[in-house]
Amino acid sequence: MVIFFLVALGASAVGAVCGIGGGVIIKPVLDLLHLETVSAISFLSGCTVLTMSCYSVGKSLLAGEKRVSLRTGTPLAAGAAAGGLLGNQLFSLVRALSDTPDRVGAVQAACLAAVTVGTLLYTLNKARIPTYRLRNKWACAAIGLALGCMSSFLGIGGGPINLVVLYFFFSMDTKTAAANSLYIIFFSQLCSLLTTLVTSSVPDFRWTVLALMAVGGLGGGVLGRRLNQRMSGAAVERLFILLMAVIICISLFNTWRYSVC
């Protein structure tokens, strides 16, 4: 039981620092440990990320911090909320079409590996890539829709793809992108959870595990917020790159393992 708490705590702390939510770490690590079913892990990961992002976003807004751009962040979050509904339905469809639960895990792990590789390549070369400053609300909502759908389907909350999109389309620096990413993650995960509850598609899980991971997510949010305030943007980016390399390795291994099961 302790492993669930430690994974949630560590992943949420790092997720709060980098703005990746933590689910992109929780999902592949728990898949690797094989302590729950694929569906239960996705659900537990999403709930943990929601807890962490709720604290981080709420604390930021109450503190009057200006990093979250409501002009672009709100349409992105609204789109992400709708995308969360769509991604949840897509996951249910893939699960229904798969002959075994492991097949779903293989698809998720392969998609996560591909997304993370693309994110890492962009991050390493972003100094040479021109960026944009989108302001159109409909364009923001469309981008948010894609982000929410992807994060909900993969069960990662938001993940590194959020940061790449915020860098490229909105020219945000590392810390500003992290704050806005958590804002988007909160809404996408909230809608994803509500859809799961309304459609009665909650997988079997242990309540003690959910409670431990929620506490870990909250503790990670507190710790990560403090670390983010003390770390430089360059340090946050180095941590982000290291995490991407680790996640790629774990995701590739999970893809292979689920495929041969």
*Does the side chain of Q108 come within less than 4.5 Å of T255's, by heavy atoms?*
no

*asked:* Taking the side chain as everything from C-beta on, heavy atoms only, tell me whether I143 gets closer than 4.5 Å to L76.
replied: yes

*Are the side chains of L86 and F153 in touch, meaning some heavy atoms are under 4.5 Å apart?*
no

*Name the orientation class of the two ring planes belonging to F187 and Y183 (parallel below 30°, tilted from 30 to 60°, perpendicular beyond 60°).*
perpendicular

_For the CG atom of L243 and the CZ atom of R238, what is their distance to the nearest 0.5 Å?_
13.5 Å

*Which value, rounded to the nearest 0.5 Å, describes the distance between F240 atom CZ and L163 atom CG?*
4.5 Å

*Mind checking whether L6 and V29 sit in one hydrophobic cluster, side chains of I, L, V, M, F, W, Y counted as touching below 4.5 Å?*
yes

*Give a yes or no answer on whether the side chain of S171 reaches the backbone of Y132 with a donor-acceptor pair at less than 3.5 Å.*
yes

_By the definition side chain to side chain contact (heavy atoms under 4.5 Å, CB included), identify the one residue from V17, T48, V222 that meets it with S12._
T48

*hydrophobic_cluster_shared for L44 and W207, side chain cutoff 4.5 Å*: yes

*asked:* Using the rule that Ile, Leu, Val, Met, Phe, Trp and Tyr join whenever any side-chain heavy atoms are under 4.5 Å apart, tell me whether V246 and V236 fall into a single cluster.
replied: yes

*asked:* Just verifying a value: how many Å separate T116 OG1 and I250 CD1, rounded to the nearest 0.5 Å?
replied: 10.5 Å

*Under 6.0 Å from the NZ atom of K137, do we count more than 12 heavy atoms belonging to anything else shown?*
no

*Aromatic rings Y122 and F168: how do their planes relate, parallel, tilted or perpendicular, breaks at 30° and 60°?*
perpendicular

*For V117, which of L121, T119, V115, L120 qualifies under side chain to side chain contact (heavy atoms under 4.5 Å, CB included)?*
L121

*Same cluster or not: are Y55 and L227 linked, directly or through other Ile, Leu, Val, Met, Phe, Trp or Tyr residues, by side-chain heavy atoms under 4.5 angstrom apart?*
no

*Looking only at non-hydrogen atoms, find the nearest pair between I26 and A11 and report the distance.*
CG1-CB, 3.4 Å

*Determine which pairs satisfy salt bridge (charged side-chain N to carboxylate O under 4.0 Å, His left out) with at least one residue from residues 35-58, sequence neighbours left out, and list them in order.*
E36-R206

_Closest contact, heavy atoms only, F5 versus L212_ = CD1-O, 3.4 Å

_Exercise: identify the closest heavy-atom pair between F170 and V165_ = CD1-O, 3.8 Å

*asked:* If you count every heavy atom of other residues, nucleotides or ligands that lies below 6.0 Å from R226 atom CZ, does the total exceed 12?
replied: no

*Can you find a pair of side-chain heavy atoms, one from V209 and one from L35, that are under 4.5 Å apart?*
no

_Closer than 3.5 angstrom, by distance alone: can the side chain of S181 be matched with the main-chain N or O of A177 as a donor-acceptor pair?_
no

*Is the closest side-chain heavy-atom distance between L30 and F4 below 4.5 Å?*
yes

*What distance do C47 atom SG and L193 atom CG have between them, rounded to the nearest 0.5 Å?*
5.0 Å

_From CA spacing to verdict: side chain to side chain contact (heavy atoms under 4.5 Å, CB included), T199, Q89_ = CA-CA 10 Å; T199 58; Q89 294 303 309; 4.3 Å; yes

*How far does SG of C140 sit from CG of L145, to the nearest 0.5 angstrom?*
13.0 Å

*May I ask whether L194 and F186 are part of the same hydrophobic cluster, defined by side-chain heavy atoms of I, L, V, M, F, W, Y residues being less than 4.5 angstrom apart, directly or through others?*
yes

*asked:* Checking the side chain of R257 only, and the main-chain atoms of L32 only, is there a donor and an acceptor separated by less than 3.5 Å?
replied: yes

*Does any non-hydrogen side-chain atom of E237 lie less than 4.5 Å from one of M231?*
no

*asked:* Tell me if a side-chain donor or acceptor on N254 pairs with a main-chain N or O of P28 at a distance below 3.5 Å.
replied: yes

_M172 versus Y167, closest heavy-atom pair with distance_ = O-CD2, 3.4 Å

*Is atom CG of D204 surrounded by more than 12 heavy atoms (other residues, nucleotides or ligands) closer than 6.0 Å?*
no

*Are F205 and F43 close enough that their ring centres sit under 6.0 Å apart?*
yes

*Look only at the side chain of S201 and the backbone of L197, and say whether a donor-acceptor pair between them is shorter than 3.5 Å.*
no

*Which atom pair, heavy atoms only, marks the closest approach of L90 to C149?*
CD2-SG, 4.4 Å

*asked:* Could you walk me through whether D173 and T176 satisfy the side chain to side chain donor-acceptor pair (under 3.5 Å) test, starting with their C-alpha distance in whole Å, then the side-chain angles of each, then the deciding distance to 0.1 Å, before giving a yes or no?
replied: CA-CA 5 Å; D173 60 53; T176 301; 2.9 Å; yes

*Output the distance between atom CD1 (I41) and atom NE2 (H34), rounded to the nearest 0.5 Å.*
7.5 Å

*Could you tell me which non-hydrogen atom of A8 sits nearest to which non-hydrogen atom of M213, and how far apart they are?*
CB-O, 3.5 Å

